[in-house]
Amino acid sequence: MRRMVAETRLHPADLILPAFVREGVSEPVPISAMPGVVQHTRDTLRKAAAEAVEAGVSGIMLFGVPEDAKKDALGTAGTDPDGILQAAIRDVRAEVGDDLVIMSDLCLDEYTDHGHCGVLDAEGRVDNDATLERYAEMAQVQADAGVHVVGPSGMMDGQVGVVRDALDTIGKEDVAILAYTAKYASAFYGPFREAVGSSLKGDRKTYQQDAANLRESMRELALDLEEGADMVMVKPAGPYLDVLAKVADAVDVPVAAYQISGEYAMIEAAAEKGWIERDKAILESLTGIRRAGAQMILTYWATEVAQRLGRQG
Ligand code: PBG
């Protein structure tokens with residue numbers, strides 16, 4: 001009867017798999033703070049994408065990890081048509097076609113030698129408007145590579161509008177934008193920094209939001225929608241369920257939430273110590289995010305959970 005009257009259900013199609021692909025490796029590289037998650041080779045990424053399709057997952061969010069030597073102040077590897085992310089988009093598109101919604105992280109932090117999400121001014125501060133020009137170019141190379149959805153995640157002001165214009169200019173009106181609308185400067189990103197080999201020293205508090213603020217997210221939301229966001233996202237998910245609920249109530253576009261690296265790591269670590277029941281905790285965390293209002297959830301457990309849901313019928 002509990003099953004019959006459940007108000008919230010998880011379905012494989014609700015899930016989006018974030019995946020890392022690293023340049024120049026011949027074997028997948030484990031990420032120690034995210035047991036079970038790897039930096040893929042181009043080859044193993046294709047396999048992971050095919051496996052996700054098989055399990056019924058609806059999307060994949062790709063992150064590129066360039067060779068260290070290719071990082072520079074402007075993050076040029078991020079706009080190189082042959083850069084690792086662009087190559088990965090082509091690979092995955094060739095592997096799965098339109099069976100998976102292919103999404104890409106549109107941000108410079110994986111490619112800059114200082115690790116910030118943008119380019120810096122003479123005083124070493126992130127230069128919002130100069131960064132927007134880089135994002136415009138990045139959106140175009142990702143679209144040319146065949147991505148279905150771009151995910152601007154750098155929290156620069158005006159990024160959604162600039163990306164929309166850049167895409168339209170080259171005839172890519174059908175590439176959609178998943179806006180990282182409410183993205184908080186979170187301590188829970190820790191393991192991700194290892195996942196992408198980040199060179200960041202310091203923090204992102206000048207462009208990501210403060211954990212104390214809710215109203216600010218509503219302002220970010222209004223701006224993103226006005227600028228042309230097709231879908232909006234709240235990130236992290238677990239510690240920000242109130243933000244998610246409020247955003248979901250306020251809009252009529254699809255709402256996503258990103259269960260981030262630290263949320264993943266906490267459950268895996270506690271489970272490894274035998275302190276919580278892993279599988280139940282994972283499902284409960286995802287059900288909570290769904291209940292709060294997320295239609296789609298980015299989670300590193302996407303394929304595993306989709307397989308499990310599939311087996312339950
Ligand atoms: C920025 C980006 C980050 C994450 C996704 N996109 C890191 C950050 O803002 O510092 C974090 C994802 C996670 O922690 O799982 N490119």
Side-chain angles (χ1 to χ4, degrees), residues 15-22 31-39 59-66 71 75 77-79 83-85 88 103-119 126 131 134-135 138-139 142 147 149-156 159 163 177-211 220 232-240 256-269 282 285-286 289 294 296-302:
L15 306 175
I16 298 168
L17 176 71
F20 306 103
V21 57
R22 178 160 165 185
I31 300 162
S32 62
M34 300 176 74
V37 180
V38 299
Q39 295 174 326
I60 190 165
M61 172 66 81
L62 301 174
F63 295 89
V65 185
K71 292 187 182 186
T79 47
I84 181 63
L85 180 54
M103 308 177 162
S104 51
D105 188 50
L106 201 168
C107 193
L108 285 172
D109 65 311
E110 294 96 333
Y111 310 97
T112 51
D113 51 12
H114 45 71
H116 275 293
C117 293
V119 296
V126 173
T131 300
R134 302 286 300 122
Y135 287 180
M138 210 172 182
Q142 293 180 354
V147 85
V149 178
V150 292
S153 67
M155 289 305 277
M156 297 301 133
Q159 63 184 9
V163 165
I177 300 178
L178 167 61
Y180 283 61
T181 290
K183 182 173 176 184
Y184 287 86
S186 172
F188 296 101
Y189 298 139
F192 177 92
R193 304 271 160 89
E194 179 196 341
V196 298
S198 171
S199 349
L200 183 70
K201 294 175 199 74
D203 59 54
R204 305 197 197 290
K205 286 185 183 158
T206 61
Y207 41 103
Q208 296 180 348
Q209 290 175 240
D210 192 294
E220 293 283 353
V232 297
M233 178 149 75
V234 173
K235 178 182 175 182
Y240 297 90
Y258 196 145
Q259 183 181 54
I260 63 161
S261 57
E263 299 177 73
Y264 177 93
M266 284 193 294
I267 291 181
E268 289 290 351
I282 292 171
S285 70
L286 293 169
I289 295 166
M296 300 99 75
I297 306 174
L298 284 87
T299 173
Y300 299 97
W301 290 300

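Just follow the structure's listing: the first ligand is 1, and inside any ligand the first atom is 1.
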To which protein heavy atom is [atom] closest, and what is the distance rounded to 0.1 Å?
{"atom": "atom 16 (N) of ligand 1", "answer": "Asp109 OD1, 2.6 Å"}
{"atom": "atom 12 (C) of ligand 1", "answer": "Phe192 CD1, 3.2 Å"}
{"atom": "atom 2 (C) of ligand 1", "answer": "Lys183 NZ, 3.3 Å"}
{"atom": "atom 8 (C) of ligand 1", "answer": "Arg204 NE, 3.4 Å"}

State the [atom1]-[atom2] distance between [X] and [Y], to the nearest 0.5 angstrom.
{"X": "Tyr258", "Y": "Ser186", "atom1": "OH", "atom2": "OG", "answer": "12.0 Å"}
{"X": "Cys107", "Y": "Met155", "atom1": "SG", "atom2": "CE", "answer": "11.0 Å"}
{"X": "Lys235", "Y": "Leu298", "atom1": "NZ", "atom2": "CG", "answer": "8.5 Å"}
{"X": "Tyr240", "Y": "Ile260", "atom1": "OH", "atom2": "CD1", "answer": "8.0 Å"}

Using a 4.0 Å cut-off to any heavy atom of [X], which atoms of ligand 1 qualify?
{"X": "Tyr300", "answer": "12 (C), 13 (C), 15 (O)"}
{"X": "Glu110", "answer": "16 (N)"}
{"X": "Cys107", "answer": "1 (C), 16 (N)"}
{"X": "Asp105", "answer": "6 (N), 16 (N)"}
{"X": "Phe63", "answer": "5 (C), 6 (N)"}
{"X": "Arg193", "answer": "8 (C), 10 (O)"}

Can you tell which part of Val196 has a heavy atom less than 4.0 Å from ligand 1: side chain, backbone, both or neither?
neither
For Tyr264, which part has a heavy atom under 4.0 Å from ligand 1: side chain, backbone, both, or neither?
neither
Taking only residues two or more places apart in sequence, or in another chain, which ones meet Glu268 in a salt bridge (charged side-chain N to carboxylate O under 4.0 Å, His left out)?
Arg278
N/O to N/O below 3.5 Å, does that happen between Lys235 and ligand 1?
yes
Parallel, tilted or perpendicular: which one describes the rings of Tyr264 and Tyr300, with boundaries at 30° and 60°?
perpendicular
Backbone N/O of Gly75 and side chain of Thr112: donor-acceptor pair under 3.5 Å
no
Answer with yes or no whether the side chains of Ser285 and Gln259 bring together a donor and an acceptor at under 3.5 Å.
yes
Heavy atom of Gln208, distance to ligand 1 below 4.0 Å
yes
For Glu263, is the nearest heavy atom under 4.0 Å from an atom of ligand 1?
no
Can you list, pair by pair, the side-chain donor-acceptor contacts under 3.5 Å of residues 196-203, counting residues two or more places apart and other chains?
unit_1 : atom_1 : unit_2 : atom_2 : d
Ser198 : OG     : Leu200 : N      : 3.1
Ser199 : OG     : Lys71  : NZ     : 3.1
Asp203 : OD1    : Lys205 : N      : 2.9

Neighbour count >12 (heavy atoms, 6.0 Å) for atom OH, Tyr207:
yes
To atom 14 (O) of ligand 1, the nearest of Ala265, Ser261, Pro236 on a heavy-atom basis is Ser261
